[in-house]
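One-based numbering along the sequence shown. Side-chain atoms are counted along with the backbone in the values below, which use heavy atoms only and exclude waters and symmetry mates.
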Amino acid sequence: MSIQKSNLPAEVKQTLAVIPELSGSYQYFDNNGEIIYVGKAKNLKKRVYSYFNKHHDSPKLRVMVPQIAKIQFIVTDSEVEALILESHLIKKHKPKYNVLLKDDKKFPYFVITDEEYPRIIVARKANKNKIKGKYFGPYTDSRAMYATLDLIKKLFPLKQCKNPKFKDRPCLYYHIGRCMAPCQRLVTPEEYKKVLKNVELFLTGKQKELVDALKKEMEKYAATEDFEKAARYRDSWLDVQKTMEHQKVVFENTNINQDIIAVYSEGSLFVVSLLQIRQGRLTDKKDFQFSNTETFEQTEENFANESEVLAAFLKEYYTLASEFDIPNTVVVPRVLEKEDIELYAKWLESVANKKVKITDSPTKRNIELLNLAQKNAKFYFEKVKLQKLTEIQRDYNEVGSYIQEKLGLSKFPYVVECFDISHIQGTNTVASMVTFENGLPKKSRYRKFKVKSTESKPDDFKSLQEVVERRYFGKLTETLPMPDLIIIDGGKGQLSSVLEIFDAHNFHPDVVSLAKRLEEVFKPHQSNPVIFPINSPALYFFQRIRDEAHRFAITFHRQLRGKKATESVLDEIKGLSKANKEILMHEFKDVKKISQASYEQLKEKTNARTAKAVYNFFNPNIQIT
């Protein structure tokens, strides 16, 4: 859909007439005066005009562009400045069409406070401007963060209390070795600064430098026979060594500091995993979830969406990160344009005040690490999916009521059945039916079907007609209750073929189809699909039951293919009866074990003649006579 300039609001036309060919940030407003999208451009005129002068393949743009009632722009001196401004405006306004890092305000940081004798504390982003000091982070696993804080307090006895507990004596922390009591002047400022420096080395992942520094202090105090302080540094030195032993060495070169970033998505859900490599060691893993609160369809390909998510992640994470947490190199998957990679690298250099490289052309070792990050992202994705499923189970009354209202169902979808067809070029065509009850799988009501009417002639429509005929008008009606909602995996064609059978029997249940391409829900006799909000529990429920039906069908299809292959091999053995074939399969479980069995093992399970025939078939070079 391309919007003609004649259809544009007058205010939009006026802005398009004066927008310059300079770098900057642009903001789109809707009729309510709310910012719905913020972008940046090297050439504002060229970028903004592109929204109105061409057909958009992206469903998001097809929905967003008609809502633009007003455009504002801010000119900057460079594209890097435009990127910084864009990031600031997105954080401030959280536009509904920009991809957002979920719960970014909740991420905690370590803070070394700005005091005469600094402390180390935990602070949230919301307090970042209230507490002065050096920030390290952000961290995504608060439990692991507090465990690290306990280790830091054990290794480095910094001041614990904001104000002294006593005027003339140190508190308990001093006596248990967790504080050097600077409030009572029991430590010199110089010595305290050394300990503080070691904490910074620890937090920035510079363990090798830290170990060397601790060892040097230990030897210095041992040489002056101050054995109490020497012992304290020795204990810290040993504890850091133990910590390093648990960190995987990924590079022999201890000067390598990198972040490895992977994006993983299924449907509308995106996650990012980041592996931190510091001094050649894998020191941390951070996981992030992305959200977009607007209601728009998905594209058929997720590639462009992954590009958008990765770009949003780079901007948001490294804006949140302290300069100490920005490495020399950031390794990313190949989804960004080269000019964008160069732009983000320049921006990171301005943030970190050092040379930073972003690369999507990694070395062989970094490819392995990217694969590892991808694997971690997938594990985190499964965790997020489980959390969403738990939410659906907990709130199914609300989810089901929403589905009923959105689809105009005649009753609450307490029992839902979903059908899927599986075949390879028409062979071994099977169907699955899965049942969810009150939002949960009801596996005792799962059914699988061997489709008889389309053997060697692939026809999903005819296969679905056979299956629903057997399910709703055959013997299964005697054992299974009727569902409240029927879901067909497919589009309008699949739904129409099922309706032919239902109409022939004067049966009119609530039935819809779910088209995977854009996750569109089609209702009977309606050309326009129903679109669920992209991150809604309702859409996730539909995806979940559809995926479960697909899994069940594929599993059954593989079983049949394997059984058929097995049967065809054993059928080639001359003189092997059906009864003996079943005995062998029961005893040995599969053909591979039968083929590896000795003559004596085979004879134990069946008669000598059959054992000889089977053994000779699989061992043509060693014949039993």
Side-chain angles (χ1 to χ4, degrees), residues 59 63 96 266-269 291-298 384-420 432-447 464 467-468 471-472 480-496 498-499 502 507-553:
V63 174
K96 63 184 179 181
E266 284 181 20
S268 60
L269 189 59
S291 65
N292 191 314
T293 57
E294 182 49 28
T295 308
F296 57 85
E297 318 101 294
Q298 295 165 261
V384 172
K385 269 178 66 175
L386 187 60
Q387 290 171 347
K388 284 185 170 288
L389 184 60
T390 303
E391 289 172 12
I392 290 172
Q393 293 168 359
R394 187 177 62 243
D395 304 323
Y396 189 70
N397 283 341
E398 184 178 335
V399 174
S401 297
Y402 176 80
I403 291 171
Q404 182 182 6
E405 180 183 353
K406 188 82 171 173
L407 297 180
L409 306 180
S410 60
K411 51 185 157 180
F412 182 86
Y414 179 74
V415 176
V416 182
E417 292 180 353
C418 182
F419 293 86
D420 182 47
S432 69
M433 183 196 84
V434 299
T435 305
F436 276 42
E437 187 176 283
N438 203 30
L440 294 170
K442 187 77 173 177
K443 295 196 174 182
S444 62
R445 293 189 191 172
Y446 282 22
R447 293 294 184 272
L464 279 168
V467 171
V468 297
R471 161 63 184 100
Y472 298 113
L480 294 177
M482 287 296 173
D484 302 305
L485 175 63
I486 300 167
I487 300 174
I488 306 298
D489 181 24
K492 295 179 187 177
Q494 283 82 355
L495 180 59
S496 296
V498 169
L499 288 174
F502 289 167
F507 179 56
H508 304 293
D510 284 324
V511 56
V512 298
S513 66
L514 177 63
K516 189 169 186 177
R517 179 175 172 268
L518 296 174
E519 305 292 29
E520 298 166 320
V521 179
F522 288 97
K523 295 177 62 179
H525 315 301
Q526 292 188 13
S527 57
N528 294 325
V530 176
I531 306 295
F532 285 115
I534 198 165
N535 286 320
S536 70
L539 176 59
Y540 185 74
F541 173 75
F542 267 71
Q543 292 169 332
R544 165 74 173 153
I545 194 169
R546 185 266 316 282
D547 292 346
E548 178 67 356
H550 185 64
R551 180 200 65 79
F552 195 49

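In this structure, Asp489 and Phe419 have side chains that are not in contact, with every pair of non-hydrogen atoms separated by 4.5 Å or more. A heavy-atom distance below 4.5 Å is not found between the side chains of Ser496 and Phe522. Taking the side chain as every heavy atom from C-beta outward, Lys492 and Ser527 approach each other to under 4.5 Å. For the pair Gln404/Pro413, a side-chain contact is recorded, criterion being any heavy-atom separation below 4.5 Å from C-beta on. Side-chain contact between Glu520 and Ser513 is absent, with no heavy-atom pair separated by less than 4.5 Å. Inter-residue side-chain proximity for Phe412 and Asp484 is flagged as unmet; no heavy-atom pair is nearer than 4.5 Å. Put simply, the side chain of Cys418 does not reach to within 4.5 Å of the side chain of Phe552, judged on heavy atoms. The side-chain heavy atoms of Leu485 and Val511, taken from C-beta on, include no pair separated by under 4.5 Å.
Taking a 6.0 Å sphere around CD of Gln526, one finds it holds more than 12 heavy atoms contributed by other residues, nucleotides or ligands.
Put simply, CG on Leu499 and CD1 on Ile488 are 8.5 Å apart, with the number rounded to the nearest 0.5 Å. Between the CG atom of Leu480 and the OG1 atom of Thr435 there is a distance of 7.0 Å, given to the nearest 0.5 Å. The line from CD1 of Ile486 to CG of Leu495 is 10.5 Å long, rounded to the nearest 0.5 Å. In this structure, OG on Ser410 lies 3.5 Å from CG on Asp510, to the nearest 0.5 angstrom. Considering CZ of Arg447 and OG of Ser432, their distance stands at 12.5 Å, rounded to 0.5 Å. Of the inter-residue distances, the one linking Glu548 atom CD with Phe436 atom CZ reads 5.5 Å to the nearest 0.5 angstrom.
The two atoms that bring Leu514 and Gln543 nearest to each other are CD2-N, 4.3 Å, heavy atoms only. Taking every heavy atom of both residues into account, Ala553 and Asp420 meet most closely at CB-OD2, 3.7 Å.
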Problem - side chain to side chain contact (heavy atoms under 4.5 Å, CB included) assessment of Tyr414 paired with Glu437 - result: CA-CA 6 Å; Tyr414 179 74; Glu437 187 176 283; 3.5 Å; yes
Problem - Derivation of the ring pair (Phe, Tyr, Trp, His ring centres under 6.0 Å) call for Phe532 and Tyr540 - result: CA-CA 9 Å; Phe532 285 115; Tyr540 185 74; over 10 Å; no
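For the pair Arg445 and Glu417, the salt-bridge criterion is not met [side-chain N within less than 4.0 Å of a carboxylate O].
Between Tyr396 and Phe541, the ring planes are tilted. Angles from 30° to 60° get that label.
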